[in-house]
Structure formats: C-alpha cells, structure tokens
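Quick note on labels: first sequence line is chain A, next is B, and so on, each numbered from 1.
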Protein chains: 2
Amino acid sequence: MTEHNETATRILDAAETLFAEQGFTETSLRSITARAKVNLAAVNYHFGSKEELVQAVFERFLTPFCRRLDKALDELMARSEQSTTPNLEGVFGVLARNMLSGVESARNDNKLSIFMRLLGLAYTQSQGHLRHYLREHYDATYRRFILLIHQSTPHVSPNELFWRIHFAVGAAVFTMGNVETLRAMALNDTHQDNTLENILDKLVPFVANALSEDRDH
Amino acid sequence: MTEHNETATRILDAAETLFAEQGFTETSLRSITARAKVNLAAVNYHFGSKEELVQAVFERFLTPFCRRLDKALDELMARSEQSTTPNLEGVFGVLARNMLSGVESARNDNKLSIFMRLLGLAYTQSQGHLRHYLREHYDATYRRFILLIHQSTPHVSPNELFWRIHFAVGAAVFTMGNVETLRAMALNDTHQDNTLENILDKLVPFVANALSEDRDH
DNA sequence: CGCTGATTCAAACAACCGTTTCAAACGACT
DNA sequence: AGTCGTTTGAAACGGTTGTTTGAATCAGCG
C-alpha cells in the first residue's frame, strides 16, 4: 500500500492533478501516464485498476490528514478536561490549522485547492466505490469531529446542526475547489485580486458565525 | 429550438435525469436513448451533438426561470421606487419563490434537486462549452441579481459581498444537489427525516444572515 | 557468470464511445 | 395514387477507453 516507489509516486502526482482539473472519468489513464512519463501498463501493475488508483490518491492525503487531526483532537480534549464542553473556535481552529499544515510555501496554494476540489468530486461524481471506500476508512474521524462540534454548540439541536455543518462544508468545498474560476469572476466584478488567504479570512467567520448563531428555529 | 416535439421531449427528460445522477461524460447517448425509448440517432438528428443536448437541457429550465425572475425583479423595483435601496429579504424572497414555483406537487421535490445538481455540475465539470454558453445567455440576469443584492447591503464592500454570495451559492448547490445522500446521513445521525422544505427553512436564514452580517472586515 | 524475481515496454485486446450513413416508414399535399 | 420533406431504424464507422499479454530489461545474489 504505502511503498515509497518512484513510479507509483509519479503516477499519484499526475493523477491527483488531472483528477482535480478534469474529474475522474474524463481523465484517461493514457493522459496520466503521459504526464507522469511512465508506461501505460504501470498503472495496472502498481495499483491494479483505475478505481484503485482513485482510492490511492485519496488515501495519500486523507490518511495522514486524519491521523494528524485525530491526534490534535486528542490534545484538545485532554487540555480542556475540566470544562466538559470544548469550545467551537478551538475545534475549528484545529481543523483549519490541519488543513493548512500541508501547505508551507506560498505558491502551492493550489495544493489546498486540489484537496478541496477532490473532496467535492467525491460527493458530486457518484463513483459508488469511492463513497464506500471513504465511509469504510474515514467515517470514525468524521463522526468524532461532528460529535465535538455538537458538544461545543449545545444550544443548537442535532438535526439543525447537521444541516448547518453541511451548508458550511458546501460553502468551503464549492469556493475553495473552484478558486481559479471564481477569482477570475471576482476580478471582473470588483477589480480586486484575492489571495487564498484573503478568501479564507472571509470564509472562516462566515462559517463560524452561521454555525453557532442562535436562531428561532 | 423550442419545438414541442414528442421525441425531443422524451430525450430531454431522460438526459436531464441521467445527467444529474451521473454527470455529463459518464452518461452515454445510448443509455439516454434507451431510457427515452427512442433510436440512438435521434439525439444527433434533433440536437446535432451531445454538447448541444447538454445545452438544450440547461436551456429548457434556465430560460423560463430567468424570464420569470427578470419579470419578478421588475415588479419588485417598480414597487419600491421611492425607497432607492431594495431590501435584501425582498430580493431573496423573489429568488426563492421563483425556484420553488416550478415545483407544485409534493413528490417532485427532486425536480429542484436535479436543478441544483445540474448547476453544480456546470461549475464542477469543466465542460468549457457549457460555461461559455451559460455566460453568453444568462450573464445579464445574473449580473442584475448581484447588483440588486449589492444595493440592498450597502454596508458590505463589493468584494466581500462577492465571496459571501458564492459561499451561499456553494452551500445551496452542495446541499440541495446532494439531498438524498445527506438526508440518509442525517437519518443515521439525528434519527430525523427531513423534507426539502425543512431543509430550505434552515438554509434561507443561514444564507440571509451570513450575507448581511456586519463584520469587522 | 547465470539464475531469479521484479519492473518496464510496445503491442494488442475487447468493449464502448459519439457520430454518420442510408434505406425504410411516415404524413401531408395535389 | 404518387410525390415530397420529415422522421425513424438498424448498422456500421473511426476513435478512445481500461485492461491484458508476453517479451525485454533490470537489480540482486549465490
């Protein structure tokens, strides 16, 4: 699974980029192997099938991400042991810091964009096998995160919170996954270029405020 | 273009459903014509090509939608002539009522879901020709709507507002377009089934509040 | 060196794709 | 009836897809 193979890595790099740009089905194995400069048959040799390649792409960034997130959540809970309810900003801060932690240099902004775009595709492009795979491997961390958010906003009913969280997920996935397109539109409309940090600075309060808001519903 | 043809209508119905379920490239003309119970060549005969079929699917619901929306916005502006700034809830109410107007019966909830899912696909699946087509035909109404929202929230800067609007679009497209999936998850998590109206009742205040919020940014 | 197992390579495979062709069927008209 | 333009039908086209094959190449080791 997690061998440090030269060819396999090059395939994963190429696939990750092309999948994010074009989607899964519209990206052919031939275009992947051409970009990776490896032989066509290398994909089936190293990964078995195209479906397993898709899963491997997700695994490469989702597994370390969830491992780091789990550990960070452990620390957060240990620190706030006495106060039984963790606070929302803390939980979200942990998530945000984890998402940005893979992005050190300023110019691979697009790493985060690719990340979000792939997550969006996982929802949008049915790809039944992918949804099954993700549920099987990462559902535990997901549920734990949801539970913590719930505990940190006890005044919001579980059902109401569920939907607010997914409104927020939608806002994040949609905008971050289509950053280039939207940035171009914003440049036309408001004559102002936006760095990814700028956009995140608008997104985070949007989400935080909307999640905890105590509304009459 | 807008002929009331039996065969063409059946193709559009089938294509609309299958596109929303599977995406454009993963839906073959053969599966469309099989579902529509027409001959394979009928698509190329009536629409020219698959690309033009995709555009026709969008045109069938986007053209009447924008026509109704434009007229409703006319009335709104005429009614509030003296007060130079229209109010946000009014503008959004017009949009929401227009979106639901095509959905009379309770059980074609999924009409709206299909609508939103297709809109999401238009962003997600690059399909350069589609983006070009949509811009060329519906950009005027889009810009008019954005302008009205801007006038109704003068305390928010144009650039900030642009991004908030697209956060909202993301939240709407993502959740409404994946209603079935999310509804199943909600049923597991909160043991509560949700009608589409219930979800809209949560989404609308979420969006409205987040758009007009006067934040320090 | 000579052998063994892992990896690469060019080539081919069957299946499917969107599109085209052309004959058959149809409906409307004089 | 017979002719016309329109629509349907079955079949085939060239091209692309994911996958498989079998020989060539490589690395490691006795």
- Query: Are B:E16 and B:K111 ion-paired here, with the side-chain N under 4.0 Å from a carboxylate O?
  - Reply: yes
- Students should find that the end-to-end axis angle of the helix from C:dC1-D:dG30 to C:dT30-D:dA1, with five pairs defining each axis and rounding to 10 degrees, is 20°
Between the protein and nucleotides 18-21 of chain D, which nitrogen or oxygen pairs come in under 3.5 angstrom?
unit_1 : atom_1 : unit_2 : atom_2 : d
D:dG18 : OP1    : A:K50  : NZ     : 2.6
D:dG18 : OP2    : A:L29  : N      : 2.9
D:dG18 : N7     : A:R30  : NH1    : 2.8
D:dG18 : O6     : A:R30  : NH2    : 2.9
D:dT19 : OP2    : A:N44  : ND2    : 3.4
D:dT19 : OP2    : A:K50  : N      : 2.9
D:dT19 : O5'    : A:N44  : ND2    : 3.4

- Item | Interatomic distance where CD belongs to A:Q22 and P belongs to D:dT16 [whole Å] | 15 Å
- Item | Interatomic distance where CG belongs to B:L18 and P belongs to C:dC17 [whole Å] | 12 Å
- Length of the CD-P vector between B:E26 and D:dT17, whole Å: 14 Å
- Query: Hey, is A:K71 close enough to A:E75 for a salt bridge, meaning N to O under 4.0 Å?
  - Reply: no
- Task: Please name the residue in the list B:K37, B:R60, B:R35 that meets the salt bridge (charged side-chain N to carboxylate O under 4.0 Å, His left out) test with B:D13.
- Result: B:R60
- Task: Please say which of B:Y138, B:Y142, B:F115 ends up in a ring pair (Phe, Tyr, Trp, His ring centres under 6.0 Å) with B:F65.
- Result: B:F115
- Pairing of A:R144 and A:D139 as salt bridge, 4.0 angstrom limit: no
- Query: Taking atom P of C:dC26 as reference, at what distance in whole Å does atom OH of B:Y45 sit?
  - Reply: 16 Å
- Task: Would you kindly give the CD1-to-P distance between B:I11 and D:dT7, to the nearest whole Å?
- Result: 12 Å
- Query: Does a nitrogen or oxygen in the side chain of A:N39 sit under 4.0 Å from OP1 or OP2 of C:dA10?
  - Reply: yes
- Query: How many angstroms lie between CG in A:L200 and CZ in A:F206, if you round to the nearest 0.5 Å?
  - Reply: 13.5 Å
- Heavy-atom pair of closest approach, residues A:D193 and A:N198: O-ND2, 4.5 Å
- N-O pairing of A:E160 and A:R164 below 4.0 Å: yes
- Determine, using ring centers only, whether B:H137 and B:Y133 are less than 6.0 Å apart. yes
- Query: Within this structure, what is the CG-to-P distance between A:L53 and D:dT17, rounded to whole angstrom?
  - Reply: 15 Å
- Message: Please determine whether a side-chain nitrogen or oxygen atom of A:H46 lies at a distance below 4.0 Å from atom OP1 or OP2 of C:dA6.
- Response: no
- According to a strict under-4.0 Å criterion, is B:T7 in side-chain N/O contact with OP1 or OP2 of D:dT7? no
